[in-house]
Every structure is written in C-alpha cells, then in structure tokens.
Amino acid sequence: MTERIVIVGGGTGGSVLANDLADRLGPELDAGDVEVTLINDGPDHVYKPVWLYVPFGKREPADGRRALDELVDDAVDLRIDRVSEIDTDSQTLRFDGTAPSMEYDRLVLATGSTLEPEQIPGLVEGGHDYYSESGATDLREELLAFTEGEIVLSVIGTPHMCPAAPLEFVFMIDDWFRERGLREDVEVTYTYPIQRVHGNPHIAEWARPIMEERDIAVETFFNAESVDPDAETITSMEGTELDYDLLVSIPPHGGVDLIEEAGLGDDGWVDVDKHTLEAEAADNVYALGDTADTGVPNAGSVAHYQAGVVGQRLASEIRGRPATATYDGKTLCFIETGMDSASFVEFDYENPPSPAPPSEKLHWSKLAYNEAYWLTARGLL
Ligand SMILES: Cc1cc2nc3c(=O)[nH]c(=O)nc-3n(C[C@H](O)[C@H](O)[C@H](O)COP(=O)(O)OP(=O)(O)OC[C@H]3O[C@@H](n4cnc5c(N)ncnc54)[C@H](O)[C@@H]3O)c2cc1C
C-alpha cells in the first residue's frame, strides 16, 4: 500500500522538507510505495527576510518570491489549495470551496505565522510594518519621504517572526539617517513588552548599550493597548503614551485557526515534543517551523534544521526502522547592526547565544546567505 505523506505549508520549512524527502525517499517514490504531497495556499514560495531591506530601497518585494513548482522537486505532488480543516481521527484534510478532501497517513504542519494587527485598536489605520510584503512596500514610501520627526518602533506581543528583526530595523534606521545627514532631526524610540529590549537576556544585554550609544530611546514594559491615528499616539497597558510621526510595529502574531480547531494547540501553535517534533494531541502528525511550539525563535533557520529532523524521522518510519533523529534547538541568525555591519548568533536548547562583534564581513555573510537561500530551499546546500 502507498504511504501518503502530506505537508501543509510551502514556506521555508515545508519546501525544505518536501525536497529533503524527495532526496531521501527517492527509491520508494520511484517504486510508488510513497507519495509526498506539498499543499500551499498560493503558487509562490515567499522568502520573508528580504522584506527587512525593502523599506530602505535595498531590495524589491519580488526578490523574495519564486514559483513553488520551480523550487520543489518533480517527485513531489504540488497542490495549490487552502486547507480549511484537519480531522486527525479520520486522518483527512478538507479544503476551501468544493475541492475534494484528502486522506493522509502522515501529516506535517508547516503553516507558519499570521499577522493579527486588528488585535490592537487603531493599529491597522495608524501603524506601518515590514512583516508583510505590502507593509514593507508602503513603509518604503513613508521612509523615503521622512526627513524629520519621531519614529517609534513598537514590538507588540511575542512570539513573533525573527526576534532579531526589530533590533535590526532600529540599528539600520539609525545608520541610514546618519549616512544621509538627517539623524539629528529624527528621534528613534524602541518599545518592548518586557523589562529588557529582547526576549533572550544575552541578546538584550548585548543590544542595550548599542542602543544607548546610538541615541535610540528605549521604553520597556510597554505592552501596546491602542493607537490613536488622528492624535498620532500609541498607549500602553502600563499607562505610557508616546507621540509618533511614523509608527512601525511588529504586529501581534498567531498561527492559523485550523490548528486550534483541530485541537492541536492554542493560538494556532501546535503543541509538540520539542525534540521529536511530534504533535502531542494526535498520532502521525508532525509540526515544524513557526507553527511548532518548541520555545525557540520563529526563524527560517529553525524551520530549516527542523525539516532535516522530520525528514530523517519520516524516512526511518517508512522503512520500518526506529526514528532516532532529534532537534536540539539549533538556531542561527545574522543580526544587522547598521547598513553595512552585522553580528551573528548561534545557539541551542543547552547553549545560550553570544553575539559576535559586529563587522562588515558578517553583513556580507548575511547578504550572501539570503542569495544562497534559493539553493538551500532546493536542498542543494
Ligand atoms: C521581516 C522578516 C525578517 C526575517 N528575517 C529572518 C532572518 O534573517 N533569519 C531567519 O532565520 N528568519 C527570518 N525571518 C523569519 C522566517 O521568515 C520565518 O520564521 C520562516 O518563514 C518560517 O518558516 P515556516 O515554514 O514555518 O513558515 P512560512 O515560511 O511562513 O510558510 C508557511 C506557508 O504555509 C502556507 N499556509 C498557511 N496556512 C495554510 C493553509 N491553511 N493551507 C495551505 N497553506 C497554508 C503559507 O501561505 C506559507 O506559504 C524573518 C521574518 C520576517 C517577517
């Protein structure tokens, strides 16, 4: 009987896994013993890290898009459809509209994060972001026209994608205005919900003095409650009100609704064993990337490493061997510290991060990694 492996989500984790399985299970796929189907709700694969550079005019949104059918191995069945329901008892997926349902033997959820700006009254009307393609494109127009005033970058709610990206944005903003001789006329304020400037204490301890040196004002314990787009103010639950001329937010994030509806976890994040990535509430279900609630950052590097683990485990299971591969929490991240310098961190469940001294070489390494991404997504690097 053919084993049907179905992956939902053709972003970083899902695409890397699909190509990994095509490679690992080549003989079984050729013999028809296994089928791998990748389902995505659009025809394109989107590489989100490009959006950080769009507001500064350094990249185009199109640089972060490639057709999935060019990126994914031909041995994988690609289905462009939106999964609307997961029934883990009958091992069935249902779709929007009239599309027929699909049964699976093994399911992998890689549905990523969803932005939920509507959670904060006034944020949709008053705020900008670079966490979506349209947001980054609109913000570019605002930034290019901005020559003086107050910019507030507010991190609203965690977890969010790429915990380093808010720090990168304020470091880049600072440098970008300095290079153009406008920094004296632009005030930059960074807000964070807890008592430090980043969720990870080691990264927070490293970043705070850089912010002080660069004259970036900091408001910690700032949990945004509402935005008044007419008065141009953002107010926190703690009672602090900040004026802004340009508000850039990291909006609240959630997973996709169907996860909670399937009883797999709260807020769209799948409860998993953080080493095996198996769902806790259902058999034959794995989750990886942002949607897997492992406690590590929501980052593409994490999705990539986890895809390798799930690929090895699935191949072992298909071949009737014990699945021994486990995820150790490995995360790596380049952190831009300006327009032409960056730091780097690498850590796991056991070993905390220790940011490398910023250098131009690390900045170029980050840019090179972004270019090489299209090869890593194909499983070639
Ligand atoms: C501005 C920015 C900068 C970033 N920079 C970095 C960085 O430098 N380094 C780094 O490691 N990470 C970075 N990230 C984070 C990284 O992009 C994400 O963590 C990564 O994309 C997560 O991969 P994923 O596979 O879990 O989800 P995604 O890549 O988001 O893919 C999820 C896919 O599932 C699809 N989908 C969702 N629901 C359904 C459904 N019901 N049916 C069918 N398909 C569905 C979506 O359309 C999407 O294609 C950044 C993110 C942003 C926003």
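As the structure lists them, so they are numbered: ligands from 1, and atoms in each ligand from 1.
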S.K.: For R82, counting its heavy atoms only, list the atoms of ligand 1 lying under 4.0 Å from any of them.
M.R.: 38 (N), 39 (C), 40 (C), 41 (N), 42 (N)
S.K.: If we set the cut-off at 4.0 Å for heavy atoms, which region of K366 has an atom near ligand 1: side chain, backbone, both, or neither?
M.R.: side chain
S.K.: Applying side-chain hydrogen bond (donor to acceptor under 3.5 Å, both in side chains), run through N370 and Y47 and close with a yes or a no.
M.R.: CA-CA 9 Å; N370 284 342; Y47 181 55; 2.7 Å; yes
S.K.: I'd like to know if D81 contacts ligand 1, where contact means a heavy-atom distance under 4.0 Å to any ligand atom.
M.R.: yes
S.K.: Looking at R183 and D174, does any basic side-chain N land under 4.0 Å from a carboxylate oxygen?
M.R.: yes
S.K.: Answer yes or no: does an N/O atom from G13 fall short of 3.5 Å to an N/O atom of ligand 1?
M.R.: yes
S.K.: Any nitrogen or oxygen of G9, side chain or backbone, less than 3.5 Å from one on ligand 1?
M.R.: no
S.K.: Taking the six-membered ring of F95, is NZ or CZ of R79 closer than 6.0 Å to its centre and within 45° of its axis?
M.R.: yes
S.K.: Determine, step by step, whether E346 and T331 satisfy the side-chain hydrogen bond (donor to acceptor under 3.5 Å, both in side chains) criterion, reporting the C-alpha distance in whole Å, the side-chain angles of both residues, the deciding distance to 0.1 Å, and the verdict.
M.R.: CA-CA 6 Å; E346 192 172 9; T331 307; over 6 Å; no
S.K.: Parallel, tilted or perpendicular, judged at 30° and 60°: which one describes the rings of F169 and F56?
M.R.: tilted
S.K.: Going by the order shown, which atoms of ligand 1 are within less than 4.0 Å of some heavy atom of N298?
M.R.: 15 (C), 19 (O)
S.K.: When you check the gap from the basic side-chain N to the acidic O, do K48 and E133 get nearer than 4.0 Å?
M.R.: no
S.K.: Do E116 and H253 get their side chains close enough for a donor-acceptor pair, meaning under 3.5 Å?
M.R.: no
S.K.: How far is atom 37 (C) of ligand 1 from its nearest protein heavy atom, and which residue and atom is that?
M.R.: T111 O, 3.3 Å
S.K.: Which of these, V16, D41, V83, L17, has its nearest heavy atom closest to atom 36 (N) of ligand 1?
M.R.: D41
S.K.: Would L182 and L144 show up in the same hydrophobic cluster when neighbours are defined by side-chain heavy atoms closer than 4.5 Å?
M.R.: yes
S.K.: Is the number of heavy atoms from other residues, nucleotides or ligands under 6.0 Å of K366 NZ greater than 12?
M.R.: yes
S.K.: Give the residue, atom name and distance (to 0.1 Å) of the protein heavy atom nearest atom 10 (C) of ligand 1.
M.R.: G300 N, 3.3 Å
S.K.: With a cut-off of 4.0 Å, which atoms of ligand 1 are near a heavy atom of G289?
M.R.: 26 (O)
S.K.: Specify side chain, backbone, both or neither for V256, according to which of its non-hydrogen atoms lie closer than 4.0 Å to ligand 1.
M.R.: side chain
S.K.: Please could you name the atoms of ligand 1 that G11 approaches to less than 4.0 Å, counting only its heavy atoms?
M.R.: 25 (O), 28 (P), 29 (O), 31 (O), 33 (C), 49 (O)
S.K.: Among C162, G135, S15, which residue places a heavy atom closest to atom 50 (C) of ligand 1?
M.R.: C162
S.K.: Less than 4.0 angstrom from a charged side-chain N to a carboxylate O is my criterion; do E60 and R140 meet it?
M.R.: yes
S.K.: Could you name the option among F169, Y131, Y47 that has the heavy atom nearest to atom 53 (C) of ligand 1?
M.R.: Y131
S.K.: Students should be able to answer this: which protein heavy-atom is nearest to atom 3 (C) of ligand 1, and at what distance?
M.R.: P49 CA, 3.6 Å
S.K.: Between T12 and ligand 1, does any nitrogen or oxygen pair lie at a separation below 3.5 Å?
M.R.: yes
S.K.: Which residue and atom name correspond to the protein heavy atom nearest atom 27 (O) of ligand 1, and how close is it?
M.R.: G112 CA, 3.4 Å
S.K.: Report, in ascending order of atom number, the atoms of ligand 1 lying under 4.0 Å from any heavy atom of A110.
M.R.: 32 (C), 33 (C), 34 (O)
S.K.: Name all residues meeting the salt bridge (charged side-chain N to carboxylate O under 4.0 Å, His left out) criterion together with E103; count only those two or more places apart in sequence or in a different chain, and write none if there are none.
M.R.: R4
S.K.: Can you find an N or O of K48 that's nearer than 3.5 Å to an N or O of ligand 1?
M.R.: yes
S.K.: Answer yes or no: does atom CD of E205 have more than 12 heavy-atom neighbours from other residues, nucleotides or ligands under 6.0 Å?
M.R.: no
S.K.: Using only heavy-atom distances, determine whether the side chains of D105 and Q91 contain a donor-acceptor pair under 3.5 Å.
M.R.: no
S.K.: Give yes if a backbone or side-chain nitrogen or oxygen of T291 is under 3.5 Å from a nitrogen or oxygen of ligand 1, and no if not.
M.R.: no
S.K.: Which residue supplies the protein heavy atom nearest to atom 26 (O) of ligand 1, what is that atom called, and how far is it?
M.R.: D290 N, 2.9 Å
S.K.: Among all protein heavy atoms, pick the one closest to atom 35 (C) of ligand 1 and tell me residue, atom and distance.
M.R.: N40 OD1, 3.2 Å
S.K.: For atom 1 (C) of ligand 1, what's the nearest protein heavy atom and its distance?
M.R.: Y130 O, 3.5 Å
